[in-house]
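Proteins get letters first, then strands, A, B, ... in listed order; numbering begins at 1 in each.
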There are 4 protein chains.
Amino acid sequence: MKEYSEKETRILNAAAEMFTSHPFHKVLLSDVAGAASVGKGTLYLYFKNKEELYFAVIFREFSILVEKLTKKIKQGNLSPVEQLTTIIKCLTKRLFAKATNVELLGTFVSCPKNEEWQEKRVELWTLIESVIVQGVEQGEFEDSNPRLTAQYIPGFIRSVSLFRPENIDCETIQKHACEFVLKGIKKGK
Amino acid sequence: MKEYSEKETRILNAAAEMFTSHPFHKVLLSDVAGAASVGKGTLYLYFKNKEELYFAVIFREFSILVEKLTKKIKQGNLSPVEQLTTIIKCLTKRLFAKATNVELLGTFVSCPKNEEWQEKRVELWTLIESVIVQGVEQGEFEDSNPRLTAQYIPGFIRSVSLFRPENIDCETIQKHACEFVLKGIKKGK
Amino acid sequence: MKEYSEKETRILNAAAEMFTSHPFHKVLLSDVAGAASVGKGTLYLYFKNKEELYFAVIFREFSILVEKLTKKIKQGNLSPVEQLTTIIKCLTKRLFAKATNVELLGTFVSCPKNEEWQEKRVELWTLIESVIVQGVEQGEFEDSNPRLTAQYIPGFIRSVSLFRPENIDCETIQKHACEFVLKGIKKGK
Amino acid sequence: MKEYSEKETRILNAAAEMFTSHPFHKVLLSDVAGAASVGKGTLYLYFKNKEELYFAVIFREFSILVEKLTKKIKQGNLSPVEQLTTIIKCLTKRLFAKATNVELLGTFVSCPKNEEWQEKRVELWTLIESVIVQGVEQGEFEDSNPRLTAQYIPGFIRSVSLFRPENIDCETIQKHACEFVLKGIKKGK
DNA sequence: TATGAATGAGATTTCATTCAT
DNA sequence: TATGAATGAAATCTCATTCAT
């Protein structure tokens with residue numbers, strides 16, 4: 001897990017706040033600097049440019065999520081169904097809480113950080129895939145392409161969190177999403 | 001269906017081309033004007049500013065898709081399973097083809113056009129939902145919350161199209177997605 | 001006296017309205033056209049460009065004033081004191097009424113119309129000068145440079161009309177200005 | 001007296017140069033920036049926009065004039081006649097030298113700076129008025145409305161400087177203007 | 001003659017980035 | 001390291017003018 005200095009953390013927090021509530025081009029670095037209580041020039045000591053800062057934000061958010069999930073899955077002694085349930089609930093909770101997290105998973109700019117982030121995304125997919133594969137091996141799941149399914153999951157949770165029906169609560173989504181996925185891959189008799 | 005003049009169409013085509021291959025702030029209106037073979041000022045005759053043009057592009061792309069789907073579903077005499085299959089295949093094909101269509105379904109900026117677009121999104125969800133509900137009524141599907149499922153579908157297709165595994169082809173995704181969804185909501189014995 | 005067609009008059013009226021209440025660069029030709037109920041292109045049938053229209057406005061306003069004054073002076077059988085009083089009162093009344101007539105007599109752009117207008121200005125000065133000279137010849141006035149005095153008069157009336165003390169009325173200014181000027185040039189014993 | 005930083009002064013000097021020789025809409029901020037040897041963006045660090053810069057220029061020019069005059073009048077131990085003579089000569093000299101200073105004292109745009117400038121204008125009028133009142137009190141002048149007279153003076157000097165007869169020199173105007181004003185308000189026997 | 005959609009040069013302005021301190 | 005004034009390239013947008021109808 002990447003370590004961040006205190007100042008770097010302040011900047012990333014401020015930037016996360018802005019980038020998750022405004023599109024890239026509406027976020028001003030002077031505002032980020034102000035919110036982080038650092039000088040505008042200081043941003044450039046820690047991040048090469050606006051784009052790198054943007055990806056650093058997403059990367060950190062994503063890393064925290066992936067790390068937490070990985071820990072839960074690897075450490076617990078859970079069945080594939082339980083593991084998948086954990087993942088879906090955890091993702092839903094997170095994205096539901098940060099639904100304004102608009103750009104997250106959104107834009108596509110070529111930039112070194114972007115690749116770093118792509119790796120994290122792959123890490124998440126691979127985690128989910130491994131759970132499905134394990135379930136298949138244990139005869140609980142059947143799936144002709146677990147990697148695709150692994151990609152579906154964060155994708156639809158993001159979507160439903162972002163544009164959620166009015167008055168729906170997180171638990172309802174969690175429950176429904178688990179049922180849907182588990183039914184979608186459970187081994188037929 | 002909104003009508004567009006010939007010039008408006010040229011502008012929207014050019015803008016779609018640019019916005020789907022570059023992030024918002026990298027798209028220059030002068031380039032759009034050039035690509036549409038109109039003067040820069042002409043853009044402002046048809047669209048109040050860059051943001052409105054951006055949303056007009058997304059809105060039109062989305063409208064075309066929704067209209068096409070609606071027509072297919074409403075006109076054909078298809079079973080719920082066939083209808084859902086049609087929707088998933090169609091969405092997948094479209095998003096797979098425009099995978100660079102980054103912002104599509106993505107960004108969230110308050111702007112009048114945005115609300116117009118939100119309505120289109122709702123239109124799509126409602127269409128899918130109605131197919132599921134019909135399937136439930138006919139005893140083919142079971143789903144405790146068809147609206148959520150309806151939202152999952154474009155969400156995960158977008159995601160898997162955007163960040164698709166290397167060397168995968170559209171048909172594979174179409175087939176797998178259909179199986180996954182149909183299994184996820186098919187009526188148990 | 002220059003003749004204006006009906007349409008030209010409509011345009012000049014509309015332009016006068018705008019130019020006398022806004023600075024040159026804030027006046028949009030589209031607004032002028034709209035106010036005159038003609039197409040934007042029509043303006044260009046009557047006036048070469050914005051600057052010419054601007055000067056045509058000033059020129060017409062000024063011409064009307066000068067012509068009226070000249071008629072009064074030339075036709076009446078007035079003493080020099082009465083003539084000067086008439087001129088001052090007339091100028092004051094006019095400028096007092098159009099005090100927002102900001103640019104009038106103000107800006108300085110080289111343009112053929114400008115020279116035409118300069119001639120009108122000279123016409124006014126010459127008229128006033130001739131009255132003073134006449135007064136000098138009749139032993140009522142003394143003035144080492146009647147032309148300068150002739151220029152002072154519209155200048156200070158413009159200024160006091162434009163930035164007039166609050167609550168002052170036109171008659172007070174008229175009376176005071178007449179006294180001031182007449183005393184300033186009356187023949188000492 | 002308002003203080004200006006070195007850079008602000010450079011900008012104001014450059015802007016004064018441009019605005020006094022060209023009408024507002026012909027002055028390019030890029031030229032101003034170039035002439036001041038600063039970046040275009042730097043202008044916006046010191047002045048909110050073109051209009052504010054414009055008024056800042058006029059305001060400074062005017063302030064300098066008013067301050068100089070005030071100092072001369074207040075410090076010198078001069079009779080009212082001498083004071084008035086000083087004012088008229090000084091104003092004439094100044095406006096004669098900057099006769100291209102077209103807009104000076106001219107335009108009328110609502111803008112915060114404009115009010116600031118109006119105050120300066122009032123300051124000048126009040127100064128002149130006080131000299132006249134003093135002369136009246138000392139039995140040298142008589143004037144039924146010294147404030148009006150005070151407003152006449154800069155007004156007619158501006159006008160005669162702006163549109164001066166050919167080949168006239170400053171001294172001639174100064175001398176004539178003094179005679180005219182002094183005679184216009186001198187106490188009759 | 002009359003129009004107003006179209007134009008595009010060029011205006012104002014922004015803001016990521018630099019750099020002297 | 002930290003700063004933020006300064007920068008200026010480049011963005012958006014305006015509007016006088018043209019011209020096909």
Side-chain angles (χ1 to χ4, degrees), chain A residues 5-8 11 24-34 36-54, chain B residues 5-8 10-11 24-34 36-54, chain C residues 5 7-8 11 24-34 36-54, chain D residues 5-8 10-11 24-34 36-53:
Chain A
S5 75
E6 187 271 337
K7 196 157 280 192
E8 226 169 342
I11 294 170
F24 186 85
H25 71 282
K26 290 263 174 88
V27 173
L28 308 191
L29 290 194
S30 51
D31 290 348
V32 173
S37 306
V38 299
K40 230 184 324 170
T42 307
L43 300 182
Y44 287 82
L45 295 178
Y46 294 95
F47 305 95
K48 213 184 73 195
N49 55 35
K50 189 181 179 183
E51 247 163 35
E52 293 245 327
L53 172 60
Y54 172 70
Chain B
S5 74
E6 186 271 335
K7 198 151 279 191
E8 227 171 342
R10 275 216 325 269
I11 294 170
F24 186 86
H25 70 285
K26 293 259 174 92
V27 172
L28 309 195
L29 289 197
S30 46
D31 291 349
V32 172
S37 305
V38 297
K40 225 187 311 178
T42 308
L43 299 183
Y44 288 84
L45 230 51
Y46 292 96
F47 305 95
K48 216 183 68 197
N49 53 35
K50 192 182 177 184
E51 223 164 56
E52 292 246 327
L53 173 60
Y54 172 70
Chain C
S5 76
K7 197 156 279 192
E8 224 170 345
I11 294 170
F24 185 86
H25 70 283
K26 291 262 174 89
V27 172
L28 307 191
L29 289 193
S30 50
D31 291 348
V32 172
S37 305
V38 298
K40 229 183 329 166
T42 308
L43 299 182
Y44 287 83
L45 295 178
Y46 294 96
F47 305 95
K48 214 183 72 196
N49 54 35
K50 189 180 179 184
E51 244 163 37
E52 292 243 329
L53 172 59
Y54 171 71
Chain D
S5 74
E6 187 270 337
K7 198 152 280 191
E8 227 171 341
R10 274 214 327 268
I11 294 170
F24 186 86
H25 70 284
K26 293 258 174 94
V27 172
L28 310 194
L29 289 197
S30 46
D31 291 348
V32 172
S37 305
V38 298
K40 228 188 306 180
T42 308
L43 299 182
Y44 288 83
L45 233 51
Y46 292 96
F47 305 95
K48 216 183 70 199
N49 53 36
K50 192 182 179 184
E51 222 164 58
E52 292 245 326
L53 173 59

A.B. asks: Whole-Å distance between dT14(E) P and Asp31(A) CG?
C.D. replies: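 Spelled out: CG on Asp31(A) to P on dT14(E) is 13 Å.
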
A.B. asks: State the CD-CZ distance between Glu51(B) and Phe24(B), to the nearest 0.5 angstrom.
C.D. replies: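 Result: 5.0 Å between the selected atoms.
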
A.B. asks: Treat primed atoms plus P, OP1 and OP2 as sugar-phosphate and everything else as base, then score nucleotides 1-8 of chain F 5' to 3': B for base contact with protein heavy atoms under 4.0 Å, S for sugar-phosphate contact only, - for none.
C.D. replies: SBBBSBBB

A.B. asks: In whole angstrom, what separates Lys26(B)'s NZ from dA10(F)'s C1'?
C.D. replies: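 Computing the Lys26(B):NZ to dA10(F):C1' distance gives 14 Å.
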
A.B. asks: Please give, in whole Å, the distance from dC15(E) P to His25(A) NE2?
C.D. replies: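 The answer, rounded to whole Å, is 9 Å.
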
A.B. asks: Just how far, in rounded Å, is C1' of dT17(E) from CZ of Phe47(A)?
C.D. replies: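 Whole-Å distance recorded here is 16 Å.
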
A.B. asks: Tell me, do His25(A) and Lys50(B) make a side-chain contact under 4.5 Å, heavy atoms counted?
C.D. replies: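 His25(A) vs Lys50(B): side chains apart.
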
A.B. asks: Side chain of Lys50(B): nearest nucleotide among dC13(F), dA16(E), dT13(E)?
C.D. replies: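 Among the listed nucleotides, the one closest to the side chain of Lys50(B) is dC13(F).
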
A.B. asks: Dot-bracket, 5' to 3', for DNA chain E please: Watson-Crick or G-U pairs under 3.5 Å, [ ] where pairs cross earlier ones, | where the partner sits on another strand, dots elsewhere.
C.D. replies: .||||||||||||||||||||

A.B. asks: Rounded to the Å, how far apart are Glu52(A) CD and dT17(E) P?
C.D. replies: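 Going from CD in Glu52(A) over to P in dT17(E) covers 10 Å.
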
A.B. asks: Could you state the CG-P distance from Leu53(C) to dC15(F), rounded to the nearest angstrom?
C.D. replies: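 Taking atom P of dC15(F) as the reference, CG of Leu53(C) is at 16 Å.
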
A.B. asks: Report the residues that fulfil side chain to side chain contact (heavy atoms under 4.5 Å, CB included) with Tyr44(B), sequence neighbours left out, ordered by chain and then residue number.
C.D. replies: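 Listed in chain order: Leu29(B).
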
A.B. asks: Minimum heavy-atom separation for Val32(A) to Ile11(A), with atom names?
C.D. replies: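 Answer, listing the atom of Val32(A) first, then Ile11(A): CG1-O, 4.3 Å.
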
A.B. asks: From Leu45(B) CG over to Glu8(B) CD, what is the distance, rounded to the nearest 0.5 angstrom?
C.D. replies: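 Here the interatomic distance stands at 10.0 Å.
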
A.B. asks: Nearest-Å distance, CG (Leu28(A)) to P (dA11(F))?
C.D. replies: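 So the two atoms are 16 Å apart, to the nearest Å.
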
A.B. asks: Who are the side chain to side chain contact (heavy atoms under 4.5 Å, CB included) partners of Ser30(C), not counting sequence neighbours?
C.D. replies: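 Side chain to side chain contact (heavy atoms under 4.5 Å, CB included) list for Ser30(C), sorted by chain: Leu28(C), Lys40(C).
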
A.B. asks: Look at the side chain of Tyr44(B) and decide which nucleotide, out of dT17(F), dA16(E), dT14(F), has an atom nearest to it.
C.D. replies: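 Ranking dT17(F), dA16(E), dT14(F) by closest atom to the Tyr44(B) side chain puts dT14(F) first.
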
A.B. asks: Just to be sure I understand the rule, does Val27(C) reach a base, reach only the sugar-phosphate, or reach nothing, if contact means heavy atoms closer than 4.0 Å?
C.D. replies: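 Sugar-phosphate only.
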
A.B. asks: Whole angstrom is fine here: how far is it from CG in Leu29(B) over to C1' in dG8(E)?
C.D. replies: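 Result: 14 Å.
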
